[in-house]
2 protein chains.
Amino acid sequence: MLDPRRLRLLRDLARLGTISAVADAHTYTASAVSQQLSALEREAGVPLLERSGRRVELTAAGHVLVEQAELVLGALEQAAAAVATAGSALSGPLRIGAFPTAVRTLLPSALVALGVRHPGLELHVAELDPAAVPDALRERRIDVGLVQDYDIAPVAPDPALGTADLLDEEVYLAVSATGRIRRIEDAAAEMWIMASPGTLCHTAGLRLAQSAGYAARARHHADDFTTVLALVAADQGVAIVPQLAAYPVPDGVRLIALDTRRRTRVAYRRGSAGHPAIVAAHAALAEAAGNWRAGVPTINQSPRGGDRR
Amino acid sequence: MLDPRRLRLLRDLARLGTISAVADAHTYTASAVSQQLSALEREAGVPLLERSGRRVELTAAGHVLVEQAELVLGALEQAAAAVATAGSALSGPLRIGAFPTAVRTLLPSALVALGVRHPGLELHVAELDPAAVPDALRERRIDVGLVQDYDIAPVAPDPALGTADLLDEEVYLAVSATGRIRRIEDAAAEMWIMASPGTLCHTAGLRLAQSAGYAARARHHADDFTTVLALVAADQGVAIVPQLAAYPVPDGVRLIALDTRRRTRVAYRRGSAGHPAIVAAHAALAEAAGNWRAGVPTINQSPRGGDRR
DNA sequence: GGGCGAGCATAAGATGAACTGATGCTGGAT
DNA sequence: ATCCAGCATCAGTTCATCTTATGCTCGCCC
């Protein structure tokens, strides 16, 4: 009988490309992964890997088994969800991964709500960039995460995940309150405060500037929007800031509405949508998002923006 | 992540009723099964069992998980079949369970064919009564088995198995060549040589006598048809004998065609129909059955029998 | 071409999980 | 009341998984 833990390793090898990368992802040594995959080959009765230079590649049979592995792992997720639904009370760990702004703004009240409604749950929250959420879910480091996309930086859906809508936000150019900038086009000569390269915020910033006809000149990199806004207030540059991070607007900062929006979704492993802990987490987060939405203004004046509202 | 070996134990507990029976079926101790099921409860996060007198019963959540377990186990079988199909050559064990007459008549040539076509296969044959085949497949003691039913003793399909047609045989009353019996109705006063109670042959024999208006008087029990026919030839009684076991007809034995047939099917775990080893085994057995069919006569004269041919 | 590091496979050992055997408790049948 | 069935738990044994060490091949860069 094929072992699901080994199937996961094979699946992740197909995705990550090297045994070392899989070992890192699972906090194992490469040796452990190598031996487990050899054991899987013996179980399967056919070669699944072949040496290719320093690396290994999947054989045709290996690729077939990766596809089947997704079905098996999905069935296991569904089984776990079904049995949790049938149980009378939620218990056990629930690991939530969220980006820093959400941890600051949404998670406090969501955790309180979850703790009151389901005292048996062990709640764990970790800060995690949305781009890292799919891997963390796949590798079972978290059970629920937050993923995002911007109009101007769309993200393809990941087939291993299910998602549910949480937030749809305006996006602003944050500028000094004493400056003369009226539109993003006026910020060509400004210094930009950007997120770390590789993050979606960074990509979105680059593309927004490009849409306005120039390449953003990055002077600072900061991922924490509280820090970003403090720099803007101190006249150290301009920055792209989503709605969730913009309020309360610090003194010295003015917001200019932009022609894009950011969407945030709750993500979980496909098959686990019905798991009551996932359902509960989504409900608590949605409630927190609703409360947040009720407390912040909307400043987008564009006809397109209006249509969206 | 739920462990499939534990899911199998839970599934088998639902079917067998006690932890001791599951332990016997898996050649484990009850203690090992108890501990593994406790571990499954911890994995699942809900109680799956509750004490009921000396025994345990499944909770509602336990029943839900048993249903899900069948899906998971089926997905694993499919994965194994798919990867075996993708491999270039068959290798590994193939365990075939067959009733003694089939082992004697069909298996020799089937094994030769398999050995020639797939030298990487490790072939294992065990004698196994058709009534025991479903459990043996479920418990992975065998990979392919032979199951049967008679018109007069139908057997409900087992949802955990897939099957494929192999043989459709005549059924005879074997009597002494020197006797005066012409029909089964004439055998009311005869001593019967019957199979062991609990076997399908035994049940079919009882029912055939009942259909002829009397209760068969069992004097001997024997499961080996070679022995049965020797006893008939020695005038020790009459017996129900299927076509596969009847030929070559020993001296001193006469066959009377009966108004029922026996069907034999190749059985395997559901989901594993596409496994090339199963495909190969079925093909080899079907070929052997075809060869056997070409070498034996048919003596059934009844219109209904003729229709069937 | 040589040196260095990446990447993997294998062997030996350490650690954790699965299984056995012993024990004690509850229950069901006689 | 007695005996045996059935299970849960504990302690010990056995087996599986993971780590560490080692050696090999490959690929990149100087």
Side-chain angles (χ1 to χ4, degrees), chain A residues 1-59 61-62 65-66 69 73 76 92 139-141, chain B residues 1-59 61-63 65-66 69 73 76 139-141:
Chain A
M1 188 153 68
L2 302 171
D3 184 86
R5 284 171 302 171
R6 293 174 184 160
L7 292 178
R8 271 180 73 221
L9 294 177
L10 187 73
R11 182 201 60 186
D12 290 347
L13 177 61
R15 185 169 50 91
L16 300 172
T18 66
I19 287 180
S20 300
V22 175
D24 286 344
H26 287 256
T27 59
Y28 284 166
T29 61
S31 169
V33 174
S34 178
Q35 287 178 45
Q36 289 300 305
L37 292 174
S38 290
L40 185 57
E41 282 186 313
R42 292 194 295 276
E43 278 182 335
V46 299
L48 300 171
L49 311 178
E50 60 197 359
R51 205 62 196 262
S52 169
R54 291 181 302 185
R55 298 176 162 222
V56 290
E57 291 188 345
L58 295 188
T59 60
L65 189 53
V66 167
L73 297 174
L76 281 163
E139 290 152 28
R140 313 184 71 89
R141 286 185 270 119
Chain B
M1 188 151 72
L2 302 171
D3 184 88
R5 285 171 301 173
R6 293 175 184 158
L7 292 177
R8 270 180 72 220
L9 294 177
L10 187 73
R11 182 201 60 186
D12 290 347
L13 177 60
R15 184 168 52 91
L16 299 172
T18 67
I19 286 180
S20 299
V22 175
D24 286 344
H26 287 257
T27 59
Y28 285 164
T29 60
S31 169
V33 175
S34 178
Q35 287 176 52
Q36 289 300 306
L37 292 175
S38 290
L40 184 59
E41 283 186 313
R42 291 194 296 277
E43 277 181 337
V46 299
L48 300 171
L49 312 178
E50 60 198 358
R51 203 65 196 260
S52 170
R54 290 181 304 184
R55 296 178 164 219
V56 289
E57 291 189 347
L58 295 188
T59 61
H63 281 291
L65 190 54
V66 166
L73 297 174
L76 281 164
E139 289 151 27
R140 314 185 70 90
R141 285 186 271 118

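A, B, ... follow the sequence lines: proteins, then strands. Residue 1 opens every chain.
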Write down the atom of [X], the atom of [Y], and the distance for their closest heavy-atom approach.
X     : Y     : answer
A:L16 : A:A25 : CD1-CB, 4.0 Å
A:A30 : A:A23 : N-CB, 3.5 Å
A:L10 : A:G62 : CD2-O, 3.9 Å

| Test side-chain contact (heavy atoms from CB on, under 4.5 Å) applied to B:R141 - qualifying residues, sequence neighbours left out |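 With neighbours one apart ignored, the set is B:D135, B:A136, B:E139.
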
Is there side-chain contact between [X] and [Y], with heavy atoms separated by less than 4.5 Å?
X     : Y     : value
B:D12 : B:V33 : no
B:R11 : B:L73 : yes
B:L58 : B:L65 : no
B:R5  : B:Q36 : no

| said: At 10 degrees resolution, what angle do the end axes of the helix from C:dG1-D:dC30 to C:dT30-D:dA1 form when each is taken over five base pairs? | reply: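 Angle reported: 30°, given to the nearest ten degrees.
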
| field | Set of side chain to side chain donor-acceptor pair (under 3.5 Å) partners for B:T18, sequence neighbours left out | value |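 In terms of side chain to side chain donor-acceptor pair (under 3.5 Å), with neighbours along the sequence ignored, B:T18 is linked to no residue.
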
What protein N or O atoms touch nucleotides 24-30 of chain C N or O atoms at under 3.5 angstrom, if any, and at what distances?
{"residue": "C:dG27", "atom": "N2", "partner": "B:R54", "partner atom": "NH1", "Å": "2.8"}
{"residue": "C:dG28", "atom": "OP1", "partner": "B:R54", "partner atom": "N", "Å": "3.4"}

| request: List in numerical order all residues of residues 16-25 of chain A for which some heavy atom is under 4.0 Å away from an atom belonging to DNA chain C. | output: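 A:T18, A:I19, A:S20, in order of number.
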
| field | Range on DNA chain D touched by chain A, heavy atoms, distance below 4.0 Å | value |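 The protein-touched segment is D:dT17 to D:dG27.
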
Donor-acceptor pairs under 3.5 angstrom involving side-chain atoms of residues 37-52 of chain B: please list them, not counting sequence neighbours.
{"residue": "B:S38", "atom": "OG", "partner": "B:S34", "partner atom": "O", "Å": "3.2"}
{"residue": "B:E41", "atom": "OE2", "partner": "B:L48", "partner atom": "N", "Å": "2.8"}
{"residue": "B:E41", "atom": "OE2", "partner": "B:L49", "partner atom": "N", "Å": "3.1"}
{"residue": "B:E43", "atom": "OE1", "partner": "B:D3", "partner atom": "N", "Å": "3.3"}
{"residue": "B:E43", "atom": "OE2", "partner": "B:R6", "partner atom": "NH1", "Å": "3.0"}
{"residue": "B:R51", "atom": "NE", "partner": "B:R55", "partner atom": "O", "Å": "3.4"}
{"residue": "B:R51", "atom": "NH2", "partner": "B:R54", "partner atom": "O", "Å": "3.2"}
{"residue": "B:S52", "atom": "OG", "partner": "B:E57", "partner atom": "OE2", "Å": "3.4"}

Within the sub-3.5 Å range, which N or O atoms of nucleotides 20-23 of chain C have a protein N or O partner, and how far apart are they?
{"residue": "C:dT20", "atom": "OP2", "partner": "B:T29", "partner atom": "N", "Å": "2.7"}
{"residue": "C:dT20", "atom": "OP2", "partner": "B:T29", "partner atom": "OG1", "Å": "3.0"}
{"residue": "C:dT20", "atom": "O4", "partner": "B:Q35", "partner atom": "NE2", "Å": "3.0"}
{"residue": "C:dG21", "atom": "O6", "partner": "B:S31", "partner atom": "OG", "Å": "2.5"}

| request: Taking only the side-chain nitrogens and oxygens of A:S34, find out if one of them lies under 4.0 Å from OP1 or OP2 of C:dC8. | output: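 No.
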
| query | Quick one: CZ on A:R8 to CZ on A:R140, what's the gap to the nearest 0.5 Å? | reply |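 The CZ atom of A:R8 sits 6.0 Å away from the CZ atom of A:R140.
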
| field | Straight-line distance of B:L9 CG to B:H26 NE2, nearest 0.5 Å | value |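 So the CG of B:L9 and the NE2 of B:H26 are separated by 5.0 Å.
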
| Which ones in residues 1-10 of chain B lie close to DNA chain D, meaning a heavy atom under 4.0 Å from one of its atoms? |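 Nothing qualifies; none.
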
| Does any pair with a residue in residues 21-36 of chain B pass salt bridge (charged side-chain N to carboxylate O under 4.0 Å, His left out), and if so which ones, sequence neighbours excluded? |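 Found none.
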
| request: Can you run down the salt bridge (charged side-chain N to carboxylate O under 4.0 Å, His left out) pairs that involve residues 27-37 of chain B, sequence neighbours left out, and say none if there aren't any? | output: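 Those involving residues 27-37 of chain B do not exist here.
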
| request: Find the distance A:L37:CG to C:dA9:C1' and express it as a whole number of Å. | output: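 Interatomic distance, CG of A:L37 to C1' of C:dA9: 12 Å.
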
